[in-house]
Number of protein chains: 2
Amino acid sequence: MAEELFQEIRQVDRLVHEPARLAILAVLYGVEEADFLYLLRTTGLTKGNLSAHLAKLEAAGYVEVRKRFLGKKPNTVCRLTPEGRQAFERYLTWLKRLARNLG
Amino acid sequence: MAEELFQEIRQVDRLVHEPARLAILAVLYGVEEADFLYLLRTTGLTKGNLSAHLAKLEAAGYVEVRKRFLGKKPNTVCRLTPEGRQAFERYLTWLKRLARNLG
DNA sequence: CCCTATGGTTTACACTGCAAACCGGTATGG
DNA sequence: CCATACCGGTTTGCAGTGTAAACCATAGGG
C-alpha cells in the first residue's frame, strides 16, 4: 500500500466525483447522445438538480448541451465532449487504481 | 450496462465518498491504529482539516478517537470501529462494481 | 522572561447540492 | 374564448460542508 496512493486519493476531479454528476456522465459515456428526459429517468435526479448539474458540466466543458424544438416541444440534448470523455476515463482509472490497491 | 446501476451510483455513502475522509479511512483500514501526526503525513491534509474530518467520522461512529499523553505531549490515536470498517468495505464494493460495469 | 515549536481545535467563509417555487409555452375542457 | 393543467425545464433559497487561517495550551531553548 504505497503512501503516495493516499495523497492521490485527494487529487480526484471533484466535478466528476460528485455522485449526481458521475451518474450523468456514466449514462452519457455509453450513448452518444441523451436528452433531458432520458437523463431524468436513468439517473433518478429531480429536474432542478439535473438542470443545475448539466449547467455545471457544460461550464466545465465536459458536456455539450443543445436546445432545440421537437415539433412544438422544447428538447434538450446532451453529449460528452472529448474533454468530458477524457475526464471520465481519468476518473475510471482512478477508480480502478483504488479498487486494486485498497481491495 | 444496467439502468439500475446509475441510480445506485447516487446511493453512495457520502461520508466515505468525500476524498479527504476516504484517504483517512484508507490509511486506517490498513493499520490497526494511527495517531494524528501519522495521518497528517500520510493523507497530506492540513491539521485543521484532519481534525474536522476526524470529528465527523467519530460522530458517525466510524472512527474511535482516543486522546492521551505520551510523556508530556498530547497524542491523539485513531482506529476504525467495526461499523467504520464495514462502511469502508461497502464503499469498496461500490467502487469495484463501478469499475467493473463502467470500465 | 521572551520566542518558537508542538499538537492540535475553533472560527469564518465561500461553495455546493438539493428541492421547491417558478416560468413560458402548449394542449385540453367547459 | 377563458382558464386550467401539463410539459420541459430554470431559478431561487437554504442548509450543510470542506477549507485554511487564526487561535490555544503547554513545553523547551536562549
Side-chain angles (χ1 to χ4, degrees), chain A residues 6-28 33-60 62-79, chain B residues 6-28 33-60 62-79 87 91:
Chain A
F6 303 127
Q7 318 259 351
E8 221 181 289
I9 289 179
R10 301 196 307 116
Q11 307 303 311
V12 66
D13 183 349
R14 297 179 90 101
L15 220 72
V16 181
H17 192 56
E18 163 63 29
R21 263 158 355 225
L22 185 54
I24 295 173
L25 294 174
V27 173
L28 290 178
E33 278 199 350
D35 68 5
F36 192 89
L37 293 179
Y38 179 73
L39 285 170
L40 206 58
R41 279 199 315 279
T42 48
T43 61
L45 287 162
T46 63
K47 296 183 293 173
N49 279 332
L50 178 54
S51 179
H53 285 301
L54 279 177
K56 211 157 273 197
L57 288 169
E58 187 183 17
Y62 285 1
V63 166
E64 183 201 339
V65 180
R66 216 169 75 247
K67 285 152 199 301
R68 60 180 182 182
F69 274 82
L70 226 51
K72 303 198 165 178
K73 305 198 163 178
N75 184 254
T76 302
V77 49
C78 315
R79 73 164 70 211
Chain B
F6 302 127
Q7 317 260 350
E8 220 181 290
I9 290 178
R10 302 196 306 116
Q11 307 302 311
V12 66
D13 184 348
R14 297 180 89 100
L15 220 72
V16 180
H17 192 56
E18 163 64 30
R21 266 163 346 231
L22 185 54
I24 296 173
L25 294 175
V27 173
L28 290 179
E33 278 199 350
D35 68 5
F36 192 90
L37 293 179
Y38 179 73
L39 285 171
L40 205 57
R41 279 199 315 279
T42 49
T43 63
L45 288 162
T46 62
K47 297 183 293 172
N49 279 332
L50 179 54
S51 179
H53 284 300
L54 279 178
K56 210 157 273 197
L57 288 169
E58 187 183 17
Y62 284 1
V63 166
E64 183 202 338
V65 180
R66 216 169 75 247
K67 286 150 200 299
R68 60 182 182 181
F69 275 82
L70 226 52
K72 305 198 163 178
K73 304 198 164 179
N75 183 254
T76 302
V77 49
C78 315
R79 73 164 70 208
Y91 187 79

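Quantities reported herein were computed from a predicted structural model and do not represent experimental measurements. In the text below, chain A, chain B and the rest are named by the order of the sequence lines, each starting its count at 1. Computation of the quantities below employed the complete heavy-atom set of this structure, encompassing side-chain atoms and omitting hydrogens, waters and symmetry-equivalent molecules.
Rounded to whole Å, atom P of dC18(C) lies 14 Å from atom CG of L40(A). Rounding to whole angstrom units, CG of residue N49(B) and P of dC13(C) are separated by 17 Å. Taking atom CZ on F36(B) and atom P on dG8(C), their separation rounds to 6 Å, with Å as the unit. Nucleotide dG25(C) holds its C1' atom 15 Å from the CG atom of N75(A), rounded to whole Å. If you take CG of L50(A) and C1' of dT11(D), they are 15 Å apart, rounded to a whole angstrom. The nearest whole Å value for the distance from the CZ atom in R41(A) to the P atom in dG8(D) is 10 Å. In this structure, H17(A) atom NE2 and dT17(D) atom C1' are separated by 14 Å, rounded to whole Å. A straight line from CG of L45(A) to P of dT10(D) spans 14 Å, rounded to a whole angstrom.
A close approach under 4.0 Å does not occur between any side-chain nitrogen or oxygen of S51(A) and OP1 or OP2 of dG9(D). Using a 4.0 Å cut-off, some side-chain N or O of K67(B) falls inside it from OP1 or OP2 of dT9(C). In this structure, H53(A) does not reach the dT16(C) phosphate: none of its side-chain N or O atoms is under 4.0 Å from OP1 or OP2. Within the 4.0 Å cut-off from OP1 or OP2 of dG8(C), at least one side-chain nitrogen or oxygen of T76(B) is found. Between dC18(C) and R14(B), a contact under 4.0 Å exists linking OP1 or OP2 to a side-chain N or O. Listed pair K56(A) / dG17(C) meets the phosphate criterion, a side-chain N or O lying under 4.0 Å from OP1 or OP2.
Looking only at side-chain heavy atoms (C-beta outward), R14(A) and E18(B) come within less than 4.5 Å of each other. Y91(B) is not listed as a side-chain neighbour of L25(B), based on a closest heavy-atom distance of 4.5 Å or more.
Between A60(B) and L15(B), the closest heavy-atom pair is CB-CD2, 3.1 Å.
Each of T46(A) and P74(B) has a nearest nucleotide on DNA chain C; the 5'-most of these lies closest to P74(B). With DNA chain C read from its 5' end, the first of the two nearest nucleotides for D35(B) and A52(A) is the one closest to D35(B).
In this structure, K72(A) reaches the sugar-phosphate backbone alone: every heavy-atom distance under 4.0 Å involves primed, P, OP1 or OP2 atoms, never a base. Looking at heavy-atom distances under 4.0 Å, A55(B) makes no contact with the nucleic acid at all. At the heavy-atom level, A20(A) lies under 4.0 Å from the strands shown only through sugar-phosphate atoms.
Minimum atom distance to the side chain of E18(A) is reached by dG17(C), of the listed dG18(D), dG8(C), dG17(C).
Within 3.5 Å, no donor on the side chain of K73(B) pairs with an acceptor on the base of dG7(C), nor the reverse.
Ring geometry for H17(B) versus H17(A): interplanar angle under 30°, hence parallel rather than tilted (30 to 60°).
At least one donor-acceptor pair under 3.5 Å links the side chain of R10(A) to the backbone N or O of T43(B).
In this structure, R66(A) does not pair ionically with E58(A), as no charged nitrogen and carboxylate oxygen lie closer than 4.0 Å.
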